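Residues: numbered from 1 along the sequence shown. Fair warning: this is a prediction, and the values are worked out from it, not measured in the lab.
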Amino acid sequence: MVTLRNIAGGEVKEYTELLAEARDEAIKKMIEKAKKLRANAVISMRFAITAVISGATEILAYGTAVIAEPEG
């Protein structure tokens, strides 16, 4: 069914939902990494989306971890 919707040009809602979950997870991991670096902000945030193999997509969130304002 997914293949037919893909060929017909319709949205594949299951795939869209999966990509949204992957995007959210990539952002979460980026924030965790920034916190480990003692940053309190991430600037110039971007996404990179790559088709790794047929049927598999990789989503990468990246940016620059900074201390926007000193704490306290």
Next item on the list: Measure the spacing between CD of Glu58 and CD1 of Ile53 and express it to the nearest 0.5 Å.
Entry: 11.5 Å

Checklist line | Single-linkage hydrophobic cluster Ile67~Tyr62, side-chain heavy atoms < 4.5 angstrom | finding: no

Next item on the list: Using side-chain contact (heavy atoms from CB on, under 4.5 Å) as the criterion, list what pairs up with Ile43, not counting sequence neighbours.
Entry: Thr64, Val66

Check: For residues 26-36, which residue pairs qualify under side chain to side chain donor-acceptor pair (under 3.5 Å), counting only residues two or more places apart or in two chains?
Finding: none

Item checked: Closest contact, heavy atoms only, Met45 versus Ala61 -> CE-CB, 3.8 Å

Margin query: For Ile59 versus Ala22, what's the shortest heavy-atom pair and its separation?
Written below: CD1-CB, 3.7 Å

Check: For Gly63 and Val42, which heavy atoms make the closest approach, and how far apart are they?
Finding: CA-CG1, 3.9 Å

Item checked: Gap between atom CG of Leu60 and atom CD1 of Ile49 - 0.5 Å precision -> 10.0 Å

Margin query: List the residues meeting side-chain hydrogen bond (donor to acceptor under 3.5 Å, both in side chains) with Thr16, not counting sequence neighbours, and say none if there are none.
Written below: Glu11

Item checked: Transitive ILVMFWY side-chain link Phe47 to Tyr15, under 4.5 Å -> yes

Item checked: Validation row: Thr50, Thr57 side chains within 4.5 angstrom (heavy atoms) -> no

Check: Does any non-hydrogen side-chain atom of Arg23 lie less than 4.5 Å from one of Ile27?
Finding: yes

